[in-house]
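Report on the following structure.
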Amino acid sequence: KSALNPEQFLAFLGYMGLSIFAYVLSYWMIPKIAKLTEKADIFGYDINKKGTDAGKIKIPESLGIVPATIYLIFNIIGILFTRAYMPDLIMSHISGLLAITFIVFLGFADDVLDLAWRYKLLLPPIASLPVIVAYTGGTQIVLPQLIRPYLGQTIDLGPIYYLYMIMLSTFQSNAINIYAGVNGLEVGQSIIIALSIAIYNVIEISTQQQHLFSLMIIVPYISSALALYNYNRYPSKVFVGDVFCYWSGMTFAVAAVLGHFSKTLMLFCIPQLINFLYSLPQLFGIIPCPRHRLPRYDEKTGLLYPIKTNLTLINLMLLIKGPTSEKNLCRVLLSFQILSSFQQQPLVRKMVKSQVEL
Ligand code: UD1
Ligand code: MG
């Protein structure tokens, strides 16, 4: 089925317009709620400023709860659109919405209770349950070119597909959460991934209805997260909390699974993959894993220096580029994110391919 007749297009434009409202509302609410979280003792110390001990700067924490809640309102309103134009997808929409709602609740609980890693890992699988029980779409995945001569174009994973969905949401949520600790990085990387998902859907929209649906899931995310970025970018006025990372990861997983392009989503997340693989020795406890794996801040120069035993892409980038300011480090890391996501877009891939053929 191809998507978008003129009537649908207008209704969709209306929904996009509504997403701008999500931005305005989030932008207005975040500073107000920030006062309340700080009063409720939900705050963090800005570690890369004056170090952990001396001259600590207190920043209100967990402000991801604001755009996430506003996003949910708009996602619920979006059900009207699905009901009118894509009734076959109504079950997908409601179950995806339920999973995102569930993870926002669990993420905020994690921020307040500061759960240990072994429990954190369980949150995305639990929150994925609504999608797992309600999913009735195909369980095939498209195989890479290389192995197609042997196994064919697609392979039906059957029940393993459900395991694959759980792993995707778990990876997405945690991979964003552990690629963090520099002002603006959590929201910045997430917005770039979300934009990549949106652009991909727009390019593919004429092929299948699912891309329109996926676009509906992701656009209000982009607008509400952008409002948070305004306050979280260097120098942070608020911190986003684990609730933000989980909300983002689950939203991406829902948009990709129900839009049928989960492999492409993984390709948008090359920096997260590198950071995750590089982190493995610490995640498995082979090398000790401190509470924070950040670089070292030097008060004399005001720059960040790599700590070699903290195996994150943040430290690796500092090793490659040399010491730099927190603001510039975030800029470099986000540029890398843009580059790696951008080169996965179908249009760019086609261009590169035809260049190679020439
Ligand atoms: C993950 C990382 C941890 C990293 C932390 C930073 C792993 C296994 N865990 O833990 O290494 O230090 O994220 O978010 O890789 N903070 C800053 N500046 C920022 C963002 C955060 O100083 O720009 C500090 C603040 O004290 C904030 C705290 O990090 O309160 C938030 O940490 P939290 O999200 O609870 O850490 P984890 O997700 O458990
Ligand atoms: Mg975190």
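For the numbers below, each heavy atom of this structure counts, side chains included, while hydrogens, waters and symmetry mates do not. Just so you know, residue 1 is the first one in the sequence shown, and it goes up from there. Read the numbers this way: they start at 1 and go in the same order the structure lists the ligands and their atoms.
Ranking the protein heavy atoms by distance from atom 39 (O) of ligand 1 puts Lys120 NZ, 3.0 Å first. Atom 22 (O) of ligand 1 has Ile47 N, 2.9 Å as its closest protein atom, hydrogens excluded (heavy atom only). Nearest to atom 17 (C) of ligand 1 among the protein's heavy atoms is Phe239 CZ, 3.6 Å. Remark: minimum distance from atom 27 (C) of ligand 1 to any protein heavy atom is reached at Glu61 OE2, 3.2 Å. Nearest non-hydrogen protein atom to atom 26 (O) of ligand 1 is Tyr45 O, 2.6 Å. Protein heavy atom in closest approach to atom 14 (O) of ligand 1: Ala180 CB, 3.7 Å. Nearest protein neighbour of atom 28 (C) of ligand 1, counting heavy atoms only, is His292 CE1, 3.6 Å. Protein heavy atom closest to atom 1 (C) of ligand 1, with residue, atom name and distance, is Asn177 O, 3.5 Å.
Of the inter-residue distances, the one linking Leu13 atom CG with Leu18 atom CG reads 12.0 Å to the nearest 0.5 angstrom. Atom CD1 of Ile217 is separated from atom CG of Asn75 by 4.5 Å, given to the nearest 0.5 angstrom. Taking CD1 of Ile193 as the reference point, atom CD of Gln172 lies at 6.0 Å (rounded to 0.5 Å). Interatomic distance, Gln345 CD to Leu267 CG, rounded to the nearest 0.5 Å: 10.5 Å. Rounding to the nearest 0.5 angstrom, the gap separating the CH2 atom in Trp247 from the OH atom in Tyr221 is 5.5 Å.
Sorted by chain and number, the protein atoms of type N, O or S within less than 2.8 Å of the Mg ion (ligand 2) are Asn177 OD1, Asp242 OD1.
Here Asp111 has no heavy atoms under 4.0 Å from ligand 1, in either its backbone or its side chain. In Val182, the part holding a heavy atom less than 4.0 Å from any atom of ligand 1 is the backbone.
Under a 4.0 angstrom heavy-atom cut-off, Arg291 registers as being in contact with ligand 1. Ligand 1 lies out of reach of Lys49, whose nearest heavy atom is not under 4.0 Å from it. At least one heavy atom of Trp117 sits closer than 4.0 Å to an atom of ligand 1.
For the pair Lys327 and Tyr234, the NZ or CZ position fails the cation-pi test of under 6.0 Å to the six-membered ring centre and within 45 degrees of the ring normal.
The aromatic rings of Phe171 and Phe276 lie perpendicular to each other, with more than 60° between the two planes, well past the 30° mark. Note on ring orientation: taking the six-membered ring where Trp is involved, the planes of Tyr27 and Tyr231 are tilted (angle from 30° to 60°). In this structure, Phe81 and Phe12 have tilted ring planes: the angle between them lies in the 30° to 60° band.
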Could you pull out every donor-acceptor pair under 3.5 Å between side chains of residues 99-107 and any protein atom, sequence neighbours left out?
unit_1, atom_1, unit_2, atom_2, d
Thr101, OG1, Leu97, O, 2.6

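Between Gln337 and Gln272, the side chains place a donor N or O and an acceptor N or O closer than 3.5 Å (distance only, hydrogens not considered). At a cut-off of 3.5 Å, with distance as the only test, no side-chain donor of Thr309 or Arg293 sits close to an acceptor on the other residue. Side-chain polar atoms of Ser62 and Thr37 form no donor-acceptor pair below 3.5 angstrom. Asn275 and Thr312 form no side-chain donor-acceptor contact under 3.5 Å, judged by distance and modelled atom types alone. When only modelled atom types and interatomic distance are considered, Tyr23 and Asn230 share a side-chain donor-acceptor pair under 3.5 Å.
Residue Gly184 places no N or O, backbone or side chain, under 3.5 Å from any N or O of ligand 1. Note: an N/O pair closer than 3.5 Å links Arg293 and ligand 1 by distance alone.
Interface atoms of ligand 1 facing Ile178, defined by a heavy-atom separation under 4.0 Å, are 7 (C), 8 (C), 15 (O). Close approach of ligand 1 to Asp46 (heavy-atom distance below 4.0 Å) involves ligand atoms 18 (N), 22 (O). Atoms of ligand 1 found under 4.0 Å from any heavy atom of Asn183 (numbered from 1 in listed order, with element): 18 (N), 19 (C), 23 (O). Those atoms of ligand 1 with a heavy atom of Leu294 less than 4.0 angstrom away are 12 (O).
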- Query: Could you walk me through whether Arg291 and Asp114 pass the salt bridge (charged side-chain N to carboxylate O under 4.0 Å, His left out) check?
  - Reply: CA-CA 11 Å; Arg291 172 68 183 84; Asp114 211 359; 3.7 Å; yes
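Among Thr312, Asp242, Asn275, the residue whose heavy atom sits closest to atom 34 (O) of ligand 1 is Asp242.
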